[in-house]
Structure formats: structure tokens, C-alpha cells
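These notes are about the structure you will find just below.
Order of listing sets the numbers, starting from 1, for every ligand and every atom in it. Along the sequence shown, residues carry numbers from 1.
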Amino acid sequence: MAKHRRPTTMQRAPQGRPGTVVEHLGVAVEVETEGGERRRVRVARNSGLVVGDVVLVDGERVEASARRTELRRRTAGGAVHVVAANLDALCVVAAVDPPAKAGLVDRAVVAARAAGIRPVVVVNKSDLPDPEGVIPSMRARGEDSLVVLVVSAHSGEGVDRLAALIAEVGRAVLVGPSGVGKSSLLNRLLPEAARSTSELSAARGAGVHTTTTSTLWRLPAGGELVDTPGVREYGLVDVPPEDLAAYFPAFAAVPEPCRFRDCRHEDEPGCAVRAALADGRLPEHRYLAYRTLLDEAKLLERKASSRS
Ligand SMILES: Nc1nc2c(ncn2[C@@H]2O[C@H](COP(=O)(O)OP(=O)(O)OP(=O)(O)O)[C@@H](O)[C@H]2O)c(=O)[nH]1
Ligand SMILES: [Mg+2]
Ligand SMILES: [Zn+2]
């Protein structure tokens, strides 16, 4: 029936069964419809659908709905990649070994805030020795609007707190470099039956357990979790330099205003943020993270304006 419908530009009532994209397989998507039934539907490679998209499935036709939230990142190669749709929280996973790259964690936290979703830092492999001091360095990043959970997928430490947090927020995604234990954490949170499937789908990849596609799972304790392939970089998308400071809540906590309303807290006179840094009220790592990202945002802005 769908085949014979003529294309039309007129408004028509949306048709089909509502569902959620739970896996993207290049030329097909796996859709879970409301009853929990799963269907694989072929789509164009550039369909633009991502895990978490709400769709209507009508035969072989998939129609996407508007997204509530959209998490994007710039890849190491400079392309813009939509990580997942309709998320409530971003869990950036760092590990004791391989030791966390603070820059990637800071970028992911800002990306979450810019996308209107809650950032969470998950430090995994707490069962291992921590010679580089990853755990204290990540704990120091905690603030009112940023929970830092120290966990171990192997020993189970902190995993209940992660499960409770996901149940509370709704839908969360695990992002981070390869090998930090994202899939191991997911497996720890899943019941036995679902676990074997996720291990199988992981093994479909390169033989090792490197995750190659993003997948969405419903957790028994409540909430949903998206596992994603490891990333090398987490570049910001569409965060203009003048907006960046708003994603550093520690700056907003400085009670005095800067002399200039549009102060970027670089070397402007009368900068209250730098004053707070100088007298130790603002942690240096927050300010340094801001300056690194500010330089990056300025560079992107220059590139964009030289293209237009
Ligand atoms: N000691 C220890 N090892 C862990 C822990 N969690 C994961 N690992 C190990 O770390 C390695 C990588 O784990 P994965 O879960 O595949 O990592 P990942 O983040 O999903 O990696 P990608 O799919 O490549 O992005 C595996 O050998 C795991 O056994 C942990 O809590 N403690
Ligand atoms: Mg994985
Ligand atoms: Zn300032």
C-alpha cells in the first residue's frame, strides 16, 4: 500500500506504528515498537536517523519525529556526528587505566550542557591502582550540577548509584574513549538474558569486544542506556566563544560581576572570574579547561567566517 502512495507536499496525518530506534546498522535501523517488539527496517545510508529517535514505521517507510534533545560532537576528522537523540543525561566514562584525558571529559561535559542534557562523570576501574591520580582529579571536577561517580564494572562498586541515577533521569548515554569499560558497565547493569545478546553484538565487530554501533537498552531498575563506540576526540559543535562561559557554573558562582558585561575572562580589566582565580576561590583546572575550549571555539569561528 505504501508503495502506491503518491508523494505529496500537502499536510497529511502521520501514519504507522510509533517506535524508537534502538540500533543503527548503516543501511538499516532496528526499531522497538511500543509493545516491545523489534523490527529491522531498511533505510538510506544518509537517513540521518540515530539511536533514540522516535519514529513512525509504516511498512518499509520510517518517518522521524522532532527531537527533544540532540547530542552532537565533532570527530577527530572535523565532521559533525549526532551521537544520539532524546537523551536526558550524558555519562562521560573515564578510566583509571587507560588514564582519563581530562580535556575529553571537560569537552563532553560542556557538550551536554550546551545540548540541554545533564552531564555525569563516571570514573571506571576503581578496582585498579591509580598511580596517575585520575580519581582525585575527576572528583575535584564535581560541583552542584556535576555528579562524579567512581565505579568498577568488575567489582560492582558504585554501579548501584549509576543505576539509580539512570532510573531517575530517564535516558542516558555512555560516551568516552575505547577501552574505558562502557560496554562492561552496560553489561553489569543488564539482566543475564539481555547480557548475552549485548556481548554477541559486541563480538560481531572486530573479534575483540570493541563496540561498533550504538545500541539502546532498557534497564531493569528503570531508565534506558545507550552504549556507543569509543571516541578519540570530543570536539564541540556550535558553541560560540561568547556562550562558552555559561557552561562553566563555577564562574556563575563568583558573586561579583565583571566590569564588562561581555567579558570573556581572558585579560580584560576588572574581570571578577580572574580575581576569583587569583585568590583561590575558583579552581585552576576549571579556568584552564575554559581557556582551552575558548581557544578552540575561537578557531572554529574563524574557520567558519573564512569559509563564508
Ligand atoms: N580492571 C577492570 N577492568 C575493566 C573494568 N571495566 C572494564 N574493564 C576491562 O576493560 C576492557 C575494555 O572494556 P570495554 O567494556 O570493552 O570498553 P569500552 O569502553 O566498551 O570500549 P569500546 O567499545 O572499544 O569503546 C576490557 O578488557 C574489560 O574487561 C573494571 O571495572 N575494572
Ligand atoms: Mg564498548
Ligand atoms: Zn570576566
Would E37 and R17 pass as an ion pair if we require N to O under 4.0 Å?
yes

Residues R264 and E242 bridged, charged N to O under 4.0 Å:
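Yes, R264 and E242 are salt-bridged.
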
Chi angles and distances behind the side-chain contact (heavy atoms from CB on, under 4.5 Å) call for R286, R141
CA-CA 8 Å; R286 289 298 71 212; R141 286 175 156 70; 3.5 Å; yes

Applying a strict under-4.5 Å side-chain criterion to I, L, V, M, F, W and Y, I'd like to know whether [X] and [Y] cluster together.
X: V54; Y: V173; answer: no
X: V134; Y: V120; answer: no
X: V237; Y: I117; answer: no

Got a list of side-chain donor-acceptor pairs under 3.5 Å for residues 218-230, not counting sequence neighbours?
| from | atom 1 | to | atom 2 | distance (Å) |
| --- | --- | --- | --- | --- |
| R218 | NE | E32 | OE2 | 2.7 |
| R218 | NH1 | E224 | OE2 | 2.3 |
| R218 | NH2 | E32 | OE2 | 2.6 |
| E224 | OE1 | R171 | NE | 2.6 |
| E224 | OE1 | R171 | NH2 | 3.0 |
| D227 | OD2 | S183 | OG | 2.6 |
| T228 | OG1 | L174 | O | 2.7 |

Distance under 4.0 Å, heavy atoms only, partner ligand 1: which residues pass?
N124, K125, D127, L128, S152, A153, H154, P177, S178, G179, V180, G181, K182, S183, S184, H209, T210, T211, P229, G230

The Mg ion (ligand 2): protein N, O or S atoms that are less than 2.8 Å away, sorted by chain
S183 OG, T211 OG1

Indicate whether any N or O donor in one side chain lies under 3.5 Å from an N or O acceptor in the other, for [X] and [Y].
X: R274; Y: Y287; result: yes
X: T213; Y: E23; result: yes
X: S145; Y: R118; result: no

[X] side, atom [atom1]; [Y] side, atom [atom2] - distance, nearest 0.5 Å:
X: T69; Y: L90; atom1: OG1; atom2: CG; answer: 10.5 Å
X: E268; Y: R259; atom1: CD; atom2: CZ; answer: 11.0 Å
X: L293; Y: F248; atom1: CG; atom2: CZ; answer: 5.0 Å

Let's test this: below 2.8 Å, count the protein N/O/S atoms around the Zn ion (ligand 3).
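Protein heteroatoms (N, O, S) closer than 2.8 Å to the Zn ion (ligand 3) number 4.
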
